[in-house]
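Remarks on the structure that follows.
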Amino acid sequence: NPLAPTAPEIEPNNDFATATVFVIPGNMTGAINPSGDEDYFRFNTSSGQTYTIDLTRLIDTYERRIDVYTNAYIWVASAQTDPANGTVSLSFSSTTTLYYIRISAPNNDPTAGPEDYSINVGPPTAPNTPTNTPTITPTPTQTAMPTPANIPGESEPNETPSTADPLAVPGRIFGAI
């Protein structure tokens with residue numbers, strides 16, 4: 001059953017199948033407990049609308065991550081709090097009518113209380129509709145990318161996990177899309 005526009009999570013909600021129903025616009029609170037816990041929420045959308053989700057950590061020392069998935073469990077977007085930023089927002093344009101939110105602790109931080117985060121989803125907004133104003137498009141010219149000193153470059157192909165370039169941790173690599 002859908003919850004009121006402001007409500008706590010209902011456990012268990014540790015995967016897509018047990019996701020807590022989220023009524024939008026609305027606000028939900030929850031806790032990552034025990035360490036390694038993940039909380040899932042599901043909400044209905046209207047295709048072609050833009051949705052904004054705010055994640056606020058309620059305990060300063062714990063980082064929280066939000067991921068959004070489609071009804072086919074395909075990742076759409078993510079954001080993460082950090083020591084300097086206790087609230088993060090992400091927006092996405094809906095292409096289907098059901099989405100999932102996953103909240104997790106990127107460092108497996110445990111929870112110190114019954115609530116350690118809050119999620120707010122505002123009402124949807126219509127995407128900006130471009131006008132049919134003609135524009136002059138200059139002819140593109142290819143510019144060589146400068147090679148940073150002492151930083152290895154990517155190799156091609158590297159579009160799949162089996163062809164991905166190895167990266168030492170910590171490390172850097174440069175490349176182009």
Side-chain angles (χ1 to χ4, degrees), residues 1-133 159-161 164 167 169 177:
N1 291 335
L3 296 175
T6 298
E9 68 173 319
I10 297 176
E11 290 283 2
N13 65 338
N14 302 325
D15 55 33
F16 291 111
T18 60
T20 299
V21 176
F22 194 130
V23 174
I24 55 173
N27 180 278
M28 301 283 299
T29 57
I32 300 299
N33 193 8
S35 182
D37 181 30
E38 294 181 341
D39 293 336
Y40 287 77
F41 301 88
R42 71 176 189 253
F43 61 101
N44 293 313
T45 64
S46 297
S47 291
Q49 299 291 302
T50 298
Y51 292 84
T52 299
I53 304 172
D54 299 319
L55 169 65
T56 301
R57 68 165 189 255
L58 303 177
I59 301 173
D60 286 342
T61 57
Y62 298 136
E63 302 309 319
R64 295 298 175 245
R65 177 184 168 102
I66 182 170
D67 293 283
V68 176
Y69 297 87
T70 68
N71 61 338
Y73 316 124
I74 298 169
W75 177 85
V76 175
S78 66
Q80 180 175 320
T81 63
D82 61 47
N85 192 5
T87 298
V88 292
S89 296
L90 64 83
S91 296
F92 69 96
S93 294
S94 175
T95 59
T96 186
T97 58
L98 176 66
Y99 281 83
Y100 292 90
I101 296 171
R102 180 184 75 170
I103 305 297
S104 61
N107 301 318
N108 281 330
D109 293 328
T111 293
E115 296 178 353
D116 75 359
Y117 66 82
S118 171
I119 313 166
N120 184 66
V121 181
T125 58
N128 293 335
T129 305
T131 58
N132 291 330
T133 304
E159 287 82 20
T160 67
L167 177 62
V169 176
I177 295 186

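Within the 3.5 Å criterion, the main-chain N or O of Pro106 finds no donor-acceptor partner in the side chain of Ser104. Panel note: side chain Arg65, backbone Gln80; no donor-acceptor pair is recorded below 3.5 Å. Of the possible polar contacts, none joining the Arg64 side chain to the Ser118 backbone as a donor-acceptor pair under 3.5 Å is found.
Interatomic distance, Thr56 OG1 to Asp116 CG, rounded to the nearest 0.5 Å: 11.5 Å. Note that the CD1 atom of Ile119 and the CD1 atom of Ile101 stand 5.0 Å from one another [nearest 0.5 Å]. Here the straight-line distance linking atom CD of Glu11 with atom CG of Asn33 works out to 8.5 Å at 0.5 Å rounding.
Using a 4.5 Å cut-off on side-chain heavy atoms (C-beta onward), Glu63 and Asp82 make contact.
A centroid separation of 6.0 Å or more is found between the aromatic rings of Tyr100 and Phe41. Here the two rings, on Tyr69 and Tyr40, have centers that are 6.0 Å apart or farther.
Remark: Tyr99 pairs with Phe92 by the ring pair (Phe, Tyr, Trp, His ring centres under 6.0 Å) rule, at least two apart or across chains. Residues forming a salt bridge (Lys or Arg N to Asp or Glu O under 4.0 Å) with Arg102 (at least two apart in sequence, or on another chain): Glu38, Asp67. By the side chain to side chain donor-acceptor pair (under 3.5 Å) test, Asn13 pairs with Glu9, Thr20, sequence neighbours left out.
Minimum heavy-atom separation, Gln49 to Pro124: CB-CB, 3.7 Å. Summarising the geometry of Asn85 relative to Thr87, their closest heavy-atom pair is OD1-O, 2.6 Å, with the distance given to 0.1 Å. Residues Asn120 and Gly26 approach most closely at OD1-O, 3.0 Å, considering heavy atoms. Closest of all the heavy-atom pairs between Asp37 and Ala31 is OD2-O, 3.3 Å. Residues Ala79 and Ser89 approach most closely at CB-O, 4.4 Å, considering heavy atoms.
Considering Thr81, Asp39, Thr29 as possible partners of Tyr117, the one that fulfils the side chain to side chain donor-acceptor pair (under 3.5 Å) test is Asp39.
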Hey, mind stepping through Ile53 and Ile66 against side chain to side chain contact (heavy atoms under 4.5 Å, CB included) and telling me if it holds? CA-CA 9 Å; Ile53 304 172; Ile66 182 170; 3.3 Å; yes
Can you list the steps and then say if Ser94 with Tyr51 is a side chain to side chain contact (heavy atoms under 4.5 Å, CB included)? CA-CA 7 Å; Ser94 175; Tyr51 292 84; 3.7 Å; yes
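Between the side chains of Thr52 and Ser91, at least one donor N or O sits under 3.5 Å from an acceptor N or O. A donor-acceptor contact closer than 3.5 angstrom is absent between the side chains of Asn71 and Thr97.
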